[in-house]
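Read through the structure below, which is laid out as C-alpha coordinates, and then see the notes.
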Amino acid sequence: NAGVTQTPKFRILKIGQSMTLQCTQDMNHNYMYWYRQDPGMGLKLIYYSVGAGITDKGEVPNGYNVSRSTTEDFPLRLELAAPSQTSVYFCASSYSPGVGGTAAKNIQYFGAGTRLSVL
Amino acid sequence: GQQVMQIPQYQHVQEGEDFTTYCNSSTTLSNIQWYKQRPGGHPVFLIQLVKSGEVKKQKRLTFQFGEAKKNSSLHITATQTTDVGTYFCAGPIGSSNTGKLIFGQGTTLQVKP
(Lines give C-alpha, C1' and ligand atoms only; values in the text may rest on other atoms or scores of the structure.)
Protein backbone atom coordinates (compact mmCIF):
# COMPACT_ATOMS: atom_id res chain seq x y z
CA ASN A 1 0.00 0.00 0.00
CA ALA A 2 1.25 3.46 -0.89
CA GLY A 3 -0.81 5.15 1.84
CA VAL A 4 -1.51 8.83 1.12
CA THR A 5 0.09 10.23 -2.01
CA GLN A 6 0.36 13.95 -2.75
CA THR A 7 1.44 15.63 -5.95
CA PRO A 8 3.29 17.80 -6.74
CA LYS A 9 5.97 17.88 -4.02
CA PHE A 10 6.99 21.45 -4.83
CA ARG A 11 5.39 24.28 -6.78
CA ILE A 12 6.02 27.96 -7.38
CA LEU A 13 3.05 30.04 -8.46
CA LYS A 14 2.68 33.63 -9.53
CA ILE A 15 0.07 35.79 -7.83
CA GLY A 16 -3.32 35.19 -9.41
CA GLN A 17 -2.50 31.80 -10.90
CA SER A 18 -4.54 28.74 -10.05
CA MET A 19 -3.57 25.16 -9.36
CA THR A 20 -4.86 21.89 -7.96
CA LEU A 21 -3.03 19.92 -5.30
CA GLN A 22 -3.71 16.24 -5.77
CA CYS A 23 -4.25 13.74 -2.96
CA THR A 24 -5.10 10.07 -3.21
CA GLN A 25 -5.23 7.30 -0.62
CA ASP A 26 -5.42 3.54 -1.07
CA MET A 27 -6.43 2.57 2.47
CA ASN A 28 -10.20 2.80 1.85
CA HIS A 29 -10.44 5.50 4.51
CA ASN A 30 -13.73 7.36 4.64
CA TYR A 31 -12.40 10.62 6.09
CA MET A 32 -9.94 12.89 4.35
CA TYR A 33 -8.44 16.26 5.34
CA TRP A 34 -6.40 19.14 4.01
CA TYR A 35 -4.10 21.07 6.34
CA ARG A 36 -1.68 23.90 5.89
CA GLN A 37 1.42 24.33 8.03
CA ASP A 38 3.18 27.66 8.25
CA PRO A 39 6.76 27.87 9.61
CA GLY A 40 6.93 27.18 13.33
CA MET A 41 3.19 26.67 13.51
CA GLY A 42 0.91 23.75 13.98
CA LEU A 43 -1.51 22.32 11.47
CA LYS A 44 -4.56 24.31 10.43
CA LEU A 45 -7.50 22.44 8.94
CA ILE A 46 -8.60 23.85 5.58
CA TYR A 47 -11.32 21.43 4.46
CA TYR A 48 -12.38 17.91 5.29
CA SER A 49 -14.59 15.21 3.85
CA VAL A 50 -16.47 12.42 5.58
CA GLY A 51 -17.12 10.50 2.37
CA ALA A 52 -17.55 10.75 -1.37
CA GLY A 53 -19.72 13.74 -2.27
CA ILE A 54 -19.52 15.30 1.21
CA THR A 55 -17.15 18.11 2.12
CA ASP A 56 -17.09 20.81 4.76
CA LYS A 57 -15.03 23.80 5.78
CA GLY A 58 -12.36 23.66 8.42
CA GLU A 59 -10.68 26.48 10.28
CA VAL A 60 -9.07 28.33 7.31
CA PRO A 61 -11.08 27.62 4.12
CA ASN A 62 -10.93 31.04 2.44
CA GLY A 63 -9.21 30.96 -0.95
CA TYR A 64 -9.56 27.20 -1.35
CA ASN A 65 -12.04 24.71 -2.76
CA VAL A 66 -12.30 20.94 -2.61
CA SER A 67 -14.25 18.11 -4.14
CA ARG A 68 -14.58 14.42 -3.28
CA SER A 69 -15.98 12.47 -6.20
CA THR A 70 -14.43 9.17 -5.11
CA THR A 71 -13.36 7.61 -1.81
CA GLU A 72 -9.72 7.67 -2.92
CA ASP A 73 -9.26 11.24 -4.20
CA PHE A 74 -9.53 14.61 -2.47
CA PRO A 75 -8.03 17.43 -4.58
CA LEU A 76 -7.52 20.95 -3.20
CA ARG A 77 -8.02 23.86 -5.58
CA LEU A 78 -6.43 27.30 -5.28
CA GLU A 79 -8.26 29.64 -7.65
CA LEU A 80 -6.38 32.96 -7.30
CA ALA A 81 -3.07 32.35 -5.59
CA ALA A 82 -1.96 34.95 -3.05
CA PRO A 83 1.35 35.29 -1.15
CA SER A 84 -0.54 34.43 2.07
CA GLN A 85 -1.06 30.95 0.65
CA THR A 86 2.67 30.23 0.70
CA SER A 87 2.81 27.22 2.98
CA VAL A 88 3.27 23.48 3.22
CA TYR A 89 0.07 21.59 2.49
CA PHE A 90 -0.62 18.17 3.94
CA CYS A 91 -3.37 15.80 2.99
CA ALA A 92 -4.42 13.16 5.51
CA SER A 93 -6.91 10.36 5.78
CA SER A 94 -8.44 8.32 8.56
CA TYR A 95 -10.97 5.63 9.18
CA SER A 96 -13.88 6.74 11.31
CA PRO A 97 -16.68 4.43 12.39
CA GLY A 98 -18.96 7.47 12.82
CA VAL A 99 -21.22 8.37 15.72
CA GLY A 100 -21.28 5.63 18.29
CA GLY A 101 -18.03 4.12 17.12
CA THR A 102 -15.10 3.50 19.39
CA ALA A 103 -12.53 6.18 20.06
CA ALA A 104 -9.73 3.88 18.92
CA LYS A 105 -10.09 5.12 15.36
CA ASN A 106 -9.59 8.50 13.68
CA ILE A 107 -5.84 8.05 13.55
CA GLN A 108 -4.69 10.27 10.73
CA TYR A 109 -2.19 9.22 8.06
CA PHE A 110 -0.44 12.03 6.28
CA GLY A 111 0.99 12.45 2.81
CA ALA A 112 4.52 13.76 2.27
CA GLY A 113 3.25 17.30 1.67
CA THR A 114 3.31 19.91 -1.08
CA ARG A 115 5.57 22.91 -0.59
CA LEU A 116 3.96 25.89 -2.30
CA SER A 117 5.43 29.33 -2.83
CA VAL A 118 3.37 32.18 -4.26
CA LEU A 119 5.49 35.04 -5.58
CA GLY B 1 -13.19 28.32 20.71
CA GLN B 2 -11.52 25.03 21.52
CA GLN B 3 -7.77 25.33 22.00
CA VAL B 4 -4.86 22.95 22.49
CA MET B 5 -1.64 24.47 23.78
CA GLN B 6 1.80 22.90 24.04
CA ILE B 7 4.80 23.96 26.06
CA PRO B 8 7.61 24.53 25.56
CA GLN B 9 7.67 25.62 21.92
CA TYR B 10 11.35 24.73 21.57
CA GLN B 11 13.75 22.61 23.60
CA HIS B 12 17.47 22.09 23.11
CA VAL B 13 19.01 19.22 25.05
CA GLN B 14 22.34 17.43 25.19
CA GLU B 15 22.20 13.86 23.96
CA GLY B 16 21.41 11.62 26.91
CA GLU B 17 19.32 14.20 28.75
CA ASP B 18 15.62 13.74 29.33
CA PHE B 19 12.90 15.75 27.59
CA THR B 20 9.26 16.47 28.40
CA THR B 21 6.56 18.30 26.46
CA TYR B 22 3.19 19.22 27.90
CA CYS B 23 -0.16 19.52 26.18
CA ASN B 24 -3.16 21.35 27.63
CA SER B 25 -6.68 21.44 26.23
CA SER B 26 -9.36 24.03 26.94
CA THR B 27 -11.96 21.25 26.87
CA THR B 28 -12.22 17.67 28.07
CA LEU B 29 -11.05 15.26 25.38
CA SER B 30 -12.38 11.82 24.58
CA ASN B 31 -8.87 10.85 23.53
CA ILE B 32 -5.54 12.43 22.71
CA GLN B 33 -3.09 11.55 19.98
CA TRP B 34 0.60 12.29 19.60
CA TYR B 35 2.42 12.75 16.30
CA LYS B 36 6.07 13.26 15.40
CA GLN B 37 7.30 15.28 12.45
CA ARG B 38 10.94 14.97 11.45
CA PRO B 39 12.55 18.08 9.88
CA GLY B 40 11.26 18.38 6.31
CA GLY B 41 8.90 15.47 6.84
CA HIS B 42 5.27 14.86 7.54
CA PRO B 43 3.46 14.10 10.81
CA VAL B 44 3.54 10.45 11.78
CA PHE B 45 1.18 8.96 14.35
CA LEU B 46 2.86 7.80 17.58
CA ILE B 47 0.12 6.85 20.01
CA GLN B 48 -3.46 7.39 21.15
CA LEU B 49 -4.55 7.62 24.80
CA VAL B 50 -8.18 7.11 25.69
CA LYS B 51 -8.59 6.45 29.42
CA SER B 52 -8.34 8.93 32.27
CA GLY B 53 -4.89 8.65 33.89
CA GLU B 54 -3.64 6.31 31.17
CA VAL B 55 0.12 5.78 30.83
CA LYS B 56 1.67 4.12 27.80
CA LYS B 57 5.31 3.44 26.98
CA GLN B 58 7.11 3.00 23.70
CA LYS B 59 10.73 2.15 24.46
CA ARG B 60 12.18 5.44 25.81
CA LEU B 61 8.93 7.40 25.28
CA THR B 62 6.31 7.64 28.04
CA PHE B 63 2.90 9.15 27.33
CA GLN B 64 0.40 10.21 29.99
CA PHE B 65 -3.22 11.33 29.82
CA GLY B 66 -4.39 13.43 32.74
CA GLU B 67 -7.06 12.38 35.18
CA ALA B 68 -9.38 15.15 33.98
CA LYS B 69 -8.63 14.26 30.32
CA LYS B 70 -7.61 17.86 29.63
CA ASN B 71 -3.85 17.47 29.62
CA SER B 72 -1.19 15.10 28.46
CA SER B 73 2.57 14.76 28.44
CA LEU B 74 5.29 13.06 26.47
CA HIS B 75 8.54 12.22 28.24
CA ILE B 76 11.63 10.96 26.45
CA THR B 77 14.32 9.32 28.59
CA ALA B 78 17.96 9.65 27.52
CA THR B 79 17.39 11.48 24.25
CA GLN B 80 19.16 10.41 21.08
CA THR B 81 19.79 12.35 17.88
CA THR B 82 17.06 10.26 16.24
CA ASP B 83 14.54 11.95 18.55
CA VAL B 84 15.00 15.29 16.77
CA GLY B 85 11.75 16.69 15.39
CA THR B 86 8.52 18.37 16.31
CA TYR B 87 6.06 16.59 18.57
CA PHE B 88 2.38 17.45 18.24
CA CYS B 89 -0.52 16.53 20.45
CA ALA B 90 -4.01 16.49 18.94
CA GLY B 91 -7.52 16.04 20.25
CA PRO B 92 -10.94 15.57 18.64
CA ILE B 93 -12.77 18.76 17.72
CA GLY B 94 -16.06 19.02 19.53
CA SER B 95 -17.88 16.22 21.26
CA SER B 96 -19.08 14.19 18.30
CA ASN B 97 -17.03 11.57 16.52
CA THR B 98 -16.37 13.63 13.39
CA GLY B 99 -12.77 12.54 12.89
CA LYS B 100 -11.52 16.12 12.94
CA LEU B 101 -8.54 16.90 15.15
CA ILE B 102 -7.25 20.11 16.65
CA PHE B 103 -3.46 20.15 16.85
CA GLY B 104 -1.25 21.92 19.33
CA GLN B 105 1.42 24.15 17.86
CA GLY B 106 4.06 21.54 18.60
CA THR B 107 7.29 21.30 20.57
CA THR B 108 10.46 21.25 18.50
CA LEU B 109 13.24 19.17 20.01
CA GLN B 110 16.87 19.69 19.10
CA VAL B 111 19.44 17.19 20.40
CA LYS B 112 23.13 18.11 20.55
CA PRO B 113 25.42 15.10 20.08
Side-chain angles (χ1 to χ4, degrees), chain A residues 3-6 9-10 23 25 27 29-51 54-61 68 74 88-115, chain B residues 1-11 21 23-25 28-52 54 56 65 69 85-110:
Chain A
V4 179
T5 302
Q6 289 184 240
K9 288 185 171 26
F10 304 93
C23 175
Q25 53 95 7
M27 297 176 283
H29 285 169
N30 49 352
Y31 281 17
M32 295 187 75
Y33 316 85
W34 274 105
Y35 295 92
R36 61 176 287 171
Q37 184 178 37
D38 299 320
M41 303 293 286
L43 297 157
K44 301 290 186 184
L45 183 65
I46 305 172
Y47 269 95
Y48 70 102
S49 169
V50 300
I54 306 170
T55 63
D56 206 350
K57 296 177 180 179
E59 184 181 357
V60 289
R68 184 101 181 266
F74 191 41
V88 180
Y89 292 85
F90 290 104
C91 178
S93 71
S94 70
Y95 169 69
S96 177
V99 175
T102 68
K105 304 296 183 185
N106 297 331
I107 295 166
Q108 295 192 7
Y109 295 84
F110 287 80
T114 294
R115 284 154 180 77
Chain B
Q2 185 179 1
Q3 290 186 327
V4 173
M5 304 296 292
Q6 280 185 256
I7 54 170
Q9 189 172 1
Y10 299 97
Q11 184 88 53
T21 173
C23 176
N24 295 289
S25 170
T28 300
L29 301 171
S30 60
N31 69 87
I32 195 156
Q33 300 179 23
W34 285 90
Y35 292 78
K36 177 182 179 181
Q37 184 178 25
R38 296 183 185 275
H42 59 279
V44 175
F45 172 78
L46 292 177
I47 206 160
Q48 183 181 58
L49 304 172
V50 178
K51 299 176 183 176
S52 170
E54 189 170 12
K56 286 189 176 180
F65 199 11
K69 302 183 78 173
T86 300
Y87 294 85
F88 294 98
C89 62
I93 292 178
S95 58
S96 60
N97 189 16
T98 62
K100 292 188 298 181
L101 297 175
I102 180 169
F103 284 80
Q105 75 271 38
T107 296
T108 299
L109 173 64
Q110 298 276 13

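Proteins come first, then strands; the chains are lettered A, B, ... in the order of their sequence lines, and each starts at number 1.
Here B:Ile93 contributes atom CD1 and A:Leu45 contributes atom CG; the two are 6.0 Å apart, rounded to the nearest 0.5 Å. Rounding to the nearest 0.5 angstrom, the gap separating the CD1 atom in A:Ile107 from the CD1 atom in B:Ile47 is 10.0 Å.
Remark: the backbone N or O of B:Gly99 is not paired with any side-chain donor or acceptor of A:Tyr48 at under 3.5 angstrom. Remark: the backbone N or O of B:Lys100 is not paired with any side-chain donor or acceptor of A:Tyr31 at under 3.5 angstrom.
Each of B:Gln37, B:Gln6, B:His42 has some count of heavy-atom pairs under 4.5 Å with chain A, and the biggest count is that of B:His42. Residue with the most contacts toward chain B among A:Lys44, A:Met41, A:Gln108: A:Gln108 (heavy-atom pairs, distance under 4.5 Å).
Using a 4.5 Å cut-off on side-chain heavy atoms (C-beta onward), A:Asn106 and B:Pro92 make no contact.
For A:Tyr109, no part lies under 4.5 angstrom from a heavy atom of chain B. A:Gln37 touches chain B through its side chain: at least one heavy atom from C-beta onward sits under 4.5 Å away, while N, CA, C and O do not. The parts of B:Leu101 that come within reach of chain A are both its backbone and its side chain, each placing non-hydrogen atoms under 4.5 angstrom from that chain.
In this view, A:Tyr47 satisfies the side chain to side chain donor-acceptor pair (under 3.5 Å) rule with no residue, not counting sequence neighbours.
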Problem - Working for ring pair (Phe, Tyr, Trp, His ring centres under 6.0 Å), residues A:Phe110 and B:Phe45 - result: CA-CA 9 Å; A:Phe110 287 80; B:Phe45 172 78; over 10 Å; no
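Screening residues 30-40 of chain A for salt bridge (charged side-chain N to carboxylate O under 4.0 Å, His left out) gives A:Arg36-A:Asp38 as the qualifying pairs, with residues at least two apart or on separate chains.
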